There are 4 protein chains.
Amino acid sequence: MAEKIRVGVLGARGKVGAEVCAAVEAAADTELVAAVDQGDPIGSLVEGGAQVVVDFTHPDVVMDNLAFCIDHGIHAVVGTTGFDDERLAVLRDRLAAAPGVGVLVAPNFSIGAILMMRFATVAAPFYESVEIVELHHPDKADAPSGTARRTAELVAAARREAGLPAPPDATTTSIEGARGADVAGIRVHGLRVRGLVAHQEVILGGVGETLTIRHDSMDRASFTPGVLTGVRQVAAHPGLTVGLEHFLDLA
Amino acid sequence: MAEKIRVGVLGARGKVGAEVCAAVEAAADTELVAAVDQGDPIGSLVEGGAQVVVDFTHPDVVMDNLAFCIDHGIHAVVGTTGFDDERLAVLRDRLAAAPGVGVLVAPNFSIGAILMMRFATVAAPFYESVEIVELHHPDKADAPSGTARRTAELVAAARREAGLPAPPDATTTSIEGARGADVAGIRVHGLRVRGLVAHQEVILGGVGETLTIRHDSMDRASFTPGVLTGVRQVAAHPGLTVGLEHFLDLA
Amino acid sequence: MAEKIRVGVLGARGKVGAEVCAAVEAAADTELVAAVDQGDPIGSLVEGGAQVVVDFTHPDVVMDNLAFCIDHGIHAVVGTTGFDDERLAVLRDRLAAAPGVGVLVAPNFSIGAILMMRFATVAAPFYESVEIVELHHPDKADAPSGTARRTAELVAAARREAGLPAPPDATTTSIEGARGADVAGIRVHGLRVRGLVAHQEVILGGVGETLTIRHDSMDRASFTPGVLTGVRQVAAHPGLTVGLEHFLDLA
Amino acid sequence: MAEKIRVGVLGARGKVGAEVCAAVEAAADTELVAAVDQGDPIGSLVEGGAQVVVDFTHPDVVMDNLAFCIDHGIHAVVGTTGFDDERLAVLRDRLAAAPGVGVLVAPNFSIGAILMMRFATVAAPFYESVEIVELHHPDKADAPSGTARRTAELVAAARREAGLPAPPDATTTSIEGARGADVAGIRVHGLRVRGLVAHQEVILGGVGETLTIRHDSMDRASFTPGVLTGVRQVAAHPGLTVGLEHFLDLA
């Protein structure tokens with residue numbers, strides 16, 4: 001049997017980090033060798049022999065964490081937010097000096113959400129109409145969701161590239177908001193209903209038919225398979241990768 | 001076998017009237033005895049021995065049509081629009097002088113739409129959240145649809161009566177329109193997608209569960225069973241009835 | 001402000017009982033005065049002044065529990081299984097001697113499931129076709145689910161009473177099982193998919209339209225509002241009631 | 001502006017052929033130059049200067065039709081059924097002698113159905129569970145539908161290639177048929193409900209999430225965009241192509 005991948009987790013006592021630890025321990029091909037949080041010595045990653053680090057920490061500390069990892073030849077899978085072009089450029093520079101090391105920075109580890117966005121983008125050129133509905137619990141602060149906004153931008157770009165005009169809409173009489181938000185020319189509708197968790201539907205339509213792609217996330221544990229995919233693939237992708245979709249074989 | 005109900009149709013050559021004629025002829029218990037349109041003598045209703053008239057004509061002529069029917073003791077099932085309180089009062093007066101005659105005025109003959117509104121109203125008091133999504137072809141001029149607005153009003157009234165506060169919504173950051181239209185305090189979202197016909201979904205939610213009531217109308221023929229129900233029941237309901245729901249046994 | 005209802009819970013340390021305790025404590029109008037499980041003295045119900053007892057215990061002990069409650073003038077809301085006609089007759093006898101006491105025995109406390117069954121039954125006479133799809137996690141042992149079987153029986157009875165023939169089905173070539181299970185003449189389909197919890201859809205159809213009633217249960221906590229409804233209503237319904245639907249105002 | 005593609009239709013007076021003729025005439029970049037049916041001279045294809053022929057005829061005549069087209073350097077888009085390996089080999093041989101000519105043989109021209117099958121296949125390796133539900137009008141003779149069977153086979157192959165075991169299923173007590181048909185190890189459920197046209201849903205699930213791909217075909221006209229895509233692309237694909245998916249840019 002192949003040796004297990006030795007994994008260290010930064011932010012290990014946070015809500016997300018704790019689930020990552022559990023998933024790493026549960027999977028047959030990974031092994032948790034260091035669980036580090038605020039106040040713990042980061043050196044335990046090296047002592048434990050971590051090959052890959054998973055970082056769900058904070059924008060304030062993540063750049064230092066990654067500098068440490070790259071300098072010690074440890075690959076990294078990063079779910080911490082706050083990466084802008086400047087930070088990505090800094091990472092690329094540092095990785096240039098460590099040719100064998102791979103870093104994955106991903107805003108979204110839900111494989112289902114990634115597939116939904118991908119399929120919506122591939123299908124978009126074939127359909128006259130497309131709209132997006134996202135449905136969440138009513139404690140969510142932003143509308144539409146980040147995933148819905150991102151999907152709209154991807155779909156809009158795919159339509160533009162295919163030379164499609166704006167989706168048809170003969171609405172002349174309307175109550176304000178009835179047709180949803182306009183994100184890059186695509187209509188996005190946000191529902192907030194108790195009992196829901198996180199759901200999204202992309203509805204594409206042409207004459208006589210519709211194609212609907214729906215993702216239902218019932219549990220926050222649904223991001224862990226994506227993290228594990230990152231852990232398994234990052235060593236084979238030296239340098240910087242932005243977006244888990246590049247590690248999925250979607251061609 | 002029971003005798004068939006003898007039916008006359010006013011507006012018989014219109015799109016809707018023609019489908020009513022076909023449905024009356026197809027049903028085992030009804031018989032088409034007069035098909036009247038603009039320019040035809042209305043007297044043929046009497047000559048044909050019509051017991052029930054179905055009127056899908058125009059607001060300009062429907063009051064004269066109904067006066068004729070009531071005076072000749074013919075029951076009427078009316079889908080023509082334009083009935084306000086004044087017109088309904090006129091009808092009630094005239095019917096008071098013709099005690100055996102029944103007139104049904106209905107804004108909606110789709111039994112599915114009526115059941116959807118009814119069920120949403122019955123369920124509303126049991127759920128913290130409720131939102132409405134209506135989905136139509138992109139050639140529709142108004143948003144939200146009349147049925148969605150009516151559903152929102154009924155649901156809002158049921159919640160008010162049960163003493164429920166406004167549905168929870170923690171949205172603080174929003175793109176304009178993302179949370180839909182506000183109809184009587186209920187959020188309503190209208191989609192316009194090629195390939196769709198006429199669809200509506202009412203989503204009710206409480207802790208850990210949602211209840212969804214969805215009506216899909218794929219074909220305008222879907223209103224004819226409601227018209228036939230009206231035809232069969234109107235004689236047993238003398239006087240004026242507004243709304244087909246009063247002829248359905250929904251208790 | 002009205003006084004809180006004083007509630008005792010039997011089976012308080014079981015999975016379900018623990019959630020009932022939490023719900024009773026969280027609600028504004030109920031108060032937990034006794035949490036009793038195996039080995040605890042049942043007398044603490046009386047000492048705590050319980051007005052209503054909730055029993056999620058075991059068929060072996062529930063009859064003794066209820067005898068105690070009835071004898072002490074305590075109303076009971078019972079989710080424990082195993083009630084057959086004989087047991088119900090015993091309860092009725094004992095309640096006859098305690099005229100003010102109410103006992104509710106309910107196989108299902110999910111208000112959403114009860115509404116779904118109710119709406120499917122009300123709608124059934126209006127539709128030529130109806131089928132049921134239930135969707136659950138793949139660790140479930142029985143297919144179709146009990147709720148799906150019960151829904152099929154209710155729908156079949158409503159169709160029979162309305163004089164409807166069997167739903168149309170022109171299938172002549174079929175792979176075994178493709179058309180689902182036959183429950184009282186209604187087709188029922190059971191899906192088992194990882195990530196799902198407990199879901200059911202009733203699809204009714206007539207010419208040109210369909211009506212779909214769907215219940216999604218994402219969390220076992222979804223039964224607690226039904227238990228609280230039982231607790232609030234049971235004192236007003238002396239004698240034996242079987243089924244929570246009798247406490248909901250669904251007319 | 002580019003010249004229009006000159007199109008001939010074989011089987012032009014059949015139900016499908018007539019819709020193809022209408023679609024060719026309606027599109028901005030195609031032109032109908034010959035509409036041929038039984039008894040008409042096939043030579044009118046040459047006289048009209050057809051560059052592409054669309055054939056929706058009969059297995060008995062389609063091979064002769066294609067021989068004529070290939071010999072006259074006319075590309076062909078073929079929806080006629082009955083192509084087995086032998087027939088495809090004959091076509092390949094004949095095309096070898098006409099190097100510039102393209103023939104597309106496609107069992108399915110619905111772009112939506114093709115996308116659904118493609119997306120299901122791409123997603124399959126990422127999910128522990130997958131089941132298929134197809135929903136049709138009750139006059140359909142076979143269950144499950146051909147598209148559902150084909151989808152199951154594609155999904156099963158993708159899972160096998162990824163090394164996935166059978167989907168989990170703990171069912172021990174079951175009413176016959178409740179778990180659907182077994183097609184290549186994938187469960188397929190067929191519903192037959194009045195009011196439906198042709199619909200399919202593929203539900204994929206992993207821990208805490210599901211991904212659903214649904215295709216709704218409300219009108220048989222929905223296949224014409226696929227035929228037009230074939231017409232536009234066939235000249236650029238000399239030789240034999242089986243399946244419209246090869247003309248769609250889905251990478």
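As the structure is a computational prediction, the values presented were derived from the model and not from experiment. In what follows, chains are A, B, ... by sequence order, proteins preceding strands, each numbered from 1.
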Exercise. Quick one: pull up CZ in B:Phe223 and CD in C:Glu209 and give me the separation to the nearest 0.5 Å.
Key: 11.5 Å
Self-check item: Inter-residue atom distance B:Thr212.OG1 - C:Met116.CE, 0.5 Å rounding
Solution: 11.0 Å
Quiz item: Within a reach of under 6.0 Å around CD of C:Glu25, are more than 12 heavy atoms found that belong to other residues, nucleotides or ligands?
Solution: yes
Exercise. Identify which part of C:Ser110 has an atom lying under 4.5 Å from any heavy atom of chain B, answering side chain, backbone, both or neither.
Key: side chain
Quiz item: How long is the gap from CG on C:Leu115 to CZ on B:Phe126, to the nearest 0.5 Å?
Solution: 6.0 Å
Quiz item: Should the heavy atoms of other residues, nucleotides or ligands under 6.0 Å from CZ of C:Arg150 be counted, would the total exceed 12?
Solution: no
Quiz item: Between B:Gly112 and C:Tyr127, what is the shortest heavy-atom contact and its length?
Solution: CA-OH, 3.0 Å
Quiz item: What residue, out of C:Glu201, C:His199, C:Arg214, has the most heavy-atom pairs lying under 4.5 Å from chain B?
Solution: C:Arg214
Self-check item: Top of C:Thr229, C:Ile213, C:Leu211 for chain B proximity - count of heavy-atom pairs under 4.5 angstrom
Solution: C:Leu211
